[in-house]
Amino acid sequence: MRTLTWKSWRERASIAMPGLVLTLGTLLASAGSVSACPVCDTGTGRQVRAGIFNEDFVPNLLMSSLPFPIFIGAAMALRAWSGRGGAIHPSTTHQGSVKPE
Amino acid sequence: MTNATNRGPLLLAGTLLGGGLVGFVDGIVLHQVLQVHNLMSGKYAPTTLVNVEINMFWDGLFHAMCWMMTVAGLVLLWRAGARADVPWSTRTFLGSLILGAGLFNLVEGLIDHHLLRIHNVVQRLGESGWDYAFLVVGGVALIALGWAILRTGRGDATPRGHAHP
């Protein structure tokens, strides 16, 4: 395996640099077309921020995240149940006779 | 070495991974590619640029939470693989992945589509047959399939390093 030295990193950076500059230039030139983002300092950007970070933010956050703790709780309950010898737990009465996969 | 019988750690890892990955499928296919709904499209109709952007923000948080669940599943999978008492069973892992996917869809569908009504599967139709199809096909059917595969792996008892690939 080839070891990456400082010199090889510099070679790679010099190859990638024109692409990076071109990408950055394109992004800056097209700033008007992305001005609706939540962090954009434009009229639309301010409306977007106002629509997100308002008195509904916490209720919206709770609503949008509610399925996750319930799902994780159900998964942990399933794991605990399987550990207590549930129907999907392998038979442990004859450990020496269980078939390997 | 055929006494690895503690399937719990692998089951939990697979379930979390299944839930996280199916959340990505939901977000990528239904939110982004087909654009039939967004996470908050029941509250902010995506008919204006501002509302589309607001929905994009909440979709992003949904994806972030799916990502965290997927990472947690990966960590648990790694830890399960290091344990000698956990069988390295393809059937247990595949079954728990599918079961996790179905369980997540069922929980998400019941809460988001029917209880909180923050979105429906096809938003322009409101509550429709698609919401019930989502619960039955994406939820219950996947849980049943995952459960059936899990049961076939009950006899697997070979830990990692000794199991067939």
Side-chain angles (χ1 to χ4, degrees), chain A residues 32-101, chain B residues 1-9 11-12 15-16 18-19 23 39-40 43-44 49-54 56-58 61-62 65-66 68-69 72 87-92 95-96 99-100 103-104 106-112 115-116 118 147 150-151 153-158 162-164:
Chain A
S33 62
V34 292
S35 59
C37 70
V39 292
C40 291
D41 190 20
T42 62
T44 314
R46 279 188 285 274
Q47 287 181 56
V48 173
R49 275 198 298 280
I52 296 169
F53 302 107
N54 52 31
E55 67 278 5
D56 288 337
F57 179 76
V58 173
N60 284 345
L61 186 64
L62 291 175
M63 282 195 293
S64 60
S65 58
L66 184 60
F68 290 89
I70 291 177
F71 168 75
I72 291 169
M76 291 180 77
L78 189 67
R79 186 240 190 276
W81 178 75
S82 81
R84 285 202 298 268
I88 56 172
H89 192 264
S91 168
T92 53
T93 51
H94 304 290
Q95 282 193 353
S97 63
V98 290
K99 287 186 297 182
E101 187 181 12
Chain B
M1 192 166 305
T2 56
N3 58 353
T5 55
N6 182 7
R7 299 205 302 167
L11 178 71
L12 182 60
T15 306
L16 289 187
L39 193 69
M40 286 288 181
K43 192 167 178 181
Y44 305 101
L49 178 60
V50 171
N51 278 6
V52 167
E53 293 277 335
I54 292 169
M56 203 180 291
F57 173 85
W58 291 109
L61 282 190
F62 176 75
M65 286 183 269
C66 291
M68 285 189 277
M69 213 157 61
W88 201 242
S89 162
T90 301
R91 289 178 288 197
T92 300
S96 55
L99 187 143
L103 186 62
F104 183 79
L106 186 68
V107 169
E108 193 270 335
L110 284 173
I111 292 176
D112 288 351
L115 182 65
L116 300 176
I118 56 175
W147 189 268
L150 265 175
R151 287 183 65 87
R154 279 185 302 176
D156 298 341
T158 310
H162 299 270
H164 298 297

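All chains are named by letter (A, B, ...) in the order of the sequence lines, taking the proteins before the strands, and each is independently numbered beginning at 1. These numbers come from the heavy atoms of this one structure, side chains and all, not from hydrogens, waters or symmetry mates. As the structure is a computational prediction, the values presented were derived from the model and not from experiment.
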Could you report the tightest heavy-atom contact between [X] and [Y], atom names first, then the distance?
X: B:Glu53; Y: A:Pro38; value: OE1-CD, 4.0 Å
X: A:Thr44; Y: B:Val50; value: CG2-CG2, 3.9 Å
X: A:Pro67; Y: B:Asp112; value: CG-OD1, 3.6 Å
X: A:Arg79; Y: B:Gly8; value: CG-O, 3.3 Å
X: A:Ser65; Y: B:Met65; value: CB-SD, 3.4 Å
X: B:Thr15; Y: A:Ala75; value: CG2-CB, 3.7 Å

#### Entry: Interface moiety of A:Phe53 toward chain B, non-hydrogen atoms closer than 4.5 Å
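For A:Phe53, side-chain heavy atoms alone lie under 4.5 Å from chain B.
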
### Rounded distance [0.5 Å steps], CG in A:Leu78 versus CG in B:Leu150
7.5 Å

### Value rounded to 0.5 Å, distance of OG in A:Ser82 from CZ in B:Arg154
12.5 Å

### Query
Among A:Ala50, A:Ser64, A:Gly45, which residue forms the greatest number of heavy-atom pairs with chain B at distances under 4.5 Å?
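Winner by heavy-atom pair count: A:Ser64.
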
### Summary
One option among A:Leu61, A:Ile72, A:Asn60 has the most heavy-atom pairs under 4.5 Å with chain B, and it is A:Asn60

### Task
Would you indicate whether the side-chain heavy atoms of A:Phe71 and B:Glu108 approach each other to under 4.5 Å?
no

Answer with side chain, backbone, both or neither: which region of [X] has an atom nearer than 4.5 Å to a non-hydrogen atom of chain A?
X: B:Leu61; value: side chain
X: B:Ile111; value: side chain
X: B:Ile118; value: side chain

